[in-house]
Amino acid sequence: MSIFKKIIISPILLASLAIGVSAYFFNHISDVIQSMGSEIQHSSTAVERVYRDSIYQLMELTQSISFEPMLWQEPATLNKILFRLKQYKAIQSAYFVDANEKILAEGIPHSDLEASPLVGQPLPSSDRIDIPLETAFFDVVQGQLVYSHPFTDQGDVLGRLQVVISLDQLASIEKGLMQQADHLIAKSQDTTTNTLIVSISIIIVSLLIAVAAIREVIKNLRVALGVVNEVAKGNLDVHCESRSGDETGQLQAAMKVMVGNMRETNNALASLNRNLEGQVKERTQELEQKHQELEQQLTELQASHTKLADLDHASAQFLQTMNMLHESHLHPLKNMLDRLLQEPERGSLEQIREAAKTMHTIEEKLLPYQSLYQSGQAIRNKHVLLAETNKKQQIIAKMALGGTGVELDIVSDIESGIEQLSHQRYDIVCLNADLIELVLRAREVNPSVKSVFMTSEHATSFLPLLREYPSLSNIVSRNEDDRNFTLKNIATTISKLTSGDFFGLEKYLNWGVEVQQKTVIHSAQRENLVEEMETYFAKLGVRRQISRKCGMVAEELLMNAIYDAPTDAQGMSLYNHLSRTEKVSLKPEEQGTFRYACDGILAGLSVSDPFGAFSRTTILDYLESCYQGNAGSLQKNKGGAGRGLFQIMETADLVIWNVKPRIKTEVIALFTIDTQMTRATKTNSFHYFLG
């Protein structure tokens, strides 16, 4: 008889019986579990729905109002959230109240807040809690769970959210759920116990039947195992004989043939393996080298494409500006001069003034091109050392400065940098964090060398390093994957350092862009300035999502220019202590400038003030406090730029600070409007230049 008949036929009958019994109890258990799941799901649906539709939204609304107080002005939204929250029967009462403890929303079942007799009225005496308005509170009071959360804006209390939860109702709900669960668990345990008893009995009987047959098979298998162990030790000369006619005997015969084949195959594989190892190693090295070459070529092609696109757009912008100058100014001026030449006796002083005004307008339109030409000339023949360990960034730098006339040298390690500095005097050195110590060597060779720290790391990693090197007054924090910004801004950075002209939104936009400019006179005009900018961008086709971001940043920068920037002769703030709702009028010598423009690829805005008080130490302090979760901790008065500065960086794609101490501070914010150039990951990128 074969092993299959010896071992399988008898137990298979008992196994079939076990399967049938198990299937019956399994179906019964499934019904119990399904019933349990339905009951628990039915019991928890209300809690889950209230959490999803009310409590979770309430948490999001609380966080949103804390960071964006303008959401406080949405009574309908507040009422809607409270209405959903009050569907949970454990909620005894829920209100939003203003700074005067008057009800803004009470969660009525319709959006018409005026129909509620309580809106605008003080809290009912039964719902009042003896807690100061500005104090956050979450505790049990007289058998009720009371939650109170205040909302502030720039130190001013707007109001608070008050929710009272009945602990008795919570306990009742919990008790009901536990009773249902206990009942279903007990029912499931009884069914499971019966199933286990029957299954174990069948298994024991099956094992007893199989043991006898298995003992006979094991005896023959031990012989085969001895052969296998010898083969495992490498002994391919082991002798194997068949001792029975069943499958174990057939196995022993097959093993005898196998050992002979293995002996021959082993010799062939040993020879092949020696040749294959060398071939694989050589091929792997070739593939790695080819991959690096292709990756470098791809980076060069992408950088070239970006540069060509910028040049093409700049050329189109330039031609458009020239065409506008010709049609709107040069052609009318030519006609006017022709008439004066043909009939000089009819010429008037007014016509001559009009011609002079036109010439002045043309000069203003051409001034940006003159500035660009002068910057281009200033950068020629300058020696620049780029100390960069990232190969991609090296390629981008080469592409960015190619054709500018800059003499660019690149080093990837400290030793190469020291050697290069020993025989070449550089005008500018650009360094990343790994090679930052080369700045000391560069200053020894040339004390007037200009240095810039370039990094793709997160601010938390390089801020402590910058404090160790105070001489690095220029900072370029960039997104490593954003080649568009990096390619354009490397050339702009080198041009700013060589020419000494740090200021101007135009430096980051394409040639010929028309920049709108307004004077910042008083705090009451902030809203109008922001609205005018958003309307201007909308006419140019900028998406509303981008224009709203521009508006948020502009609002913050204008507040800083009005309240935070002005200082007296001793450097003390003039208006920083005032509430942001208090009106301030700036004197002529205190007034700043608000500018904005769009070149079809980037939307940009800038706010400048005539004080130049935003130092390198200040920005490092504010950034460090914000990234450590202490935003606003440096605000000793009501004003300050701590949280505002952090919000500007979180909103804009690139922020540039240009500072000339005691003369001028300019903050530029740039936003990508081309969806194909939008960065996949948001990284805080900023530049800081100290004149």
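The structure places CG of L431 at 9.5 Å from CE of M454, a figure rounded to the nearest 0.5 Å. Atom SG of residue C598 and atom CG of residue L605 lie 11.5 Å apart, to the nearest 0.5 angstrom. Atoms CG and CD1, on D609 and I663 in that order, are 12.0 Å from each other to the nearest 0.5 Å. Once rounded to the nearest 0.5 Å, the distance linking OG1 of T593 with CG of L505 reads 12.0 Å. Rounded to the nearest 0.5 Å, atoms CG (L386) and CG (L435) are 9.0 Å apart. Expressed to the nearest 0.5 Å, how far CZ of R580 lies from CD of E556 amounts to 8.5 Å.
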Given the rule in the side chain to side chain contact (heavy atoms under 4.5 Å, CB included) test, do Y688 and S477 qualify, once you have shown the distances and angles that lead to the verdict?
-> CA-CA 9 Å; Y688 181 86; S477 173; over 6 Å; no
Would R478 and Q393 count as a side chain to side chain contact (heavy atoms under 4.5 Å, CB included) if you check the C-alpha gap in whole Å, the side-chain angles of each, and the deciding distance to 0.1 Å?
-> CA-CA 11 Å; R478 68 203 173 194; Q393 296 301 324; 3.5 Å; yes
Output, in order, the C-alpha distance, side-chain angles, deciding distance and verdict of side chain to side chain contact (heavy atoms under 4.5 Å, CB included) for Q647 and M552.
-> CA-CA 9 Å; Q647 289 178 341; M552 292 171 57; over 6 Å; no
Derivation and outcome, side chain to side chain contact (heavy atoms under 4.5 Å, CB included), residues L574 and E590 = CA-CA 10 Å; L574 297 175; E590 299 172 348; 3.4 Å; yes
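Pairing each heavy atom of S471 with each of R443, the nearest pair is O-NH2, 3.2 Å. What you find for L529 and K518 is that their closest heavy atoms are CD2-CB, 3.7 Å. Considering all non-hydrogen atoms of both residues, A442 and V429 come closest at CB-CG1, 3.9 Å. The nearest pair of heavy atoms linking E666 to G504 is OE1-N, 3.0 Å. Nearest heavy atom pair, residue P661 against residue G691, reads CD-O, 3.5 Å. Considering every non-hydrogen atom in both A597 and V513, the closest pair reads CB-CG2, 3.9 Å.
Remark: side-chain polar atoms of T498 are paired, donor with acceptor, to backbone N or O of I494 under 3.5 angstrom. T535 places a side-chain N or O within donor-acceptor distance of the main-chain N or O of E531, the cut-off being under 3.5 Å. With hydrogens and angles disregarded, no donor-acceptor distance shorter than 3.5 Å links the side chain of S573 to the backbone of N576. Looking at E555, its side chain never comes within 3.5 Å of a backbone N or O of E527 through a donor-acceptor pair. Without hydrogens or angle criteria, T519 side chain to I521 main chain gives no donor-acceptor distance under 3.5 Å. Under the 3.5 Å distance criterion, the side-chain polar atoms of R616 are matched with a main-chain donor or acceptor of L472. Side-chain atoms of S625 come within 3.5 Å of backbone atoms of Y622 as a donor-acceptor pair (strictly under, hydrogens ignored). Looking at D621, its side chain never comes within 3.5 Å of a backbone N or O of E624 through a donor-acceptor pair. One N or O on the side chain of D653 and one on the backbone of T672 form a donor-acceptor pair closer than 3.5 Å. In this structure, E388 contributes its side chain and N390 its backbone to a donor-acceptor pair below 3.5 Å.
Around CZ of R467, the count of heavy atoms belonging to other residues, nucleotides or ligands within 6.0 Å exceeds 12.
No side-chain heavy atom of D564 sits less than 4.5 Å from a side-chain heavy atom of M559. V542 places none of its side-chain heavy atoms less than 4.5 Å from the side chain of Y536. Side chains of V607 and V667 form no contact here, defined as non-hydrogen atoms less than 4.5 Å apart. No side-chain heavy atom of L690 sits under 4.5 Å from any side-chain heavy atom of W657. Between L602 and I673, the closest side-chain pair of non-hydrogen atoms is not below 4.5 Å. Between D427 and V384 there is no side-chain heavy-atom pair separated by less than 4.5 Å. The side-chain heavy atoms of T665 and V659, taken from C-beta on, include a pair separated by under 4.5 Å. Between L463 and L623 the shortest side-chain heavy-atom distance falls below 4.5 Å.
Using modelled atom types, one finds a donor on one side chain and an acceptor on the other under 3.5 Å when comparing T581 with S579. Side chains of S495 and T492: a donor-acceptor N/O pair is absent below 3.5 angstrom, by distance only. In the model, S451 has no side-chain atom that pairs as donor or acceptor with a side-chain atom of N474 under 3.5 Å. In summary, the side chains of S448 and N446 do present a donor paired with an acceptor at a separation below 3.5 Å, with no hydrogens or angles considered. Judged purely by distance below 3.5 Å, without hydrogens or angles, the side chains of S606 and R595 never pair a donor atom with an acceptor atom.
The pair D501-K507 counts as a salt bridge, with a side-chain nitrogen and a carboxylate oxygen less than 4.0 angstrom apart.
Two rings, from H577 and Y575, have their centers 6.0 Å or more apart.
In this structure, Y596 and F537 have perpendicular ring planes: the angle between them is above 60°, well past the 30° mark. By the 30° and 60° cut-offs, the orientation of the rings of F689 relative to F502 is tilted. The aromatic rings of F462 and F453 lie tilted to each other, with the angle between the two planes from 30° to 60°.
In this structure, K664 is positioned above the aromatic face of F503, its NZ or CZ under 6.0 Å from the six-membered ring centre and within 45° of the axis.
Checking I619, L645, I656, I648 one by one against F686, the side chain to side chain contact (heavy atoms under 4.5 Å, CB included) holds for a single residue, I619.
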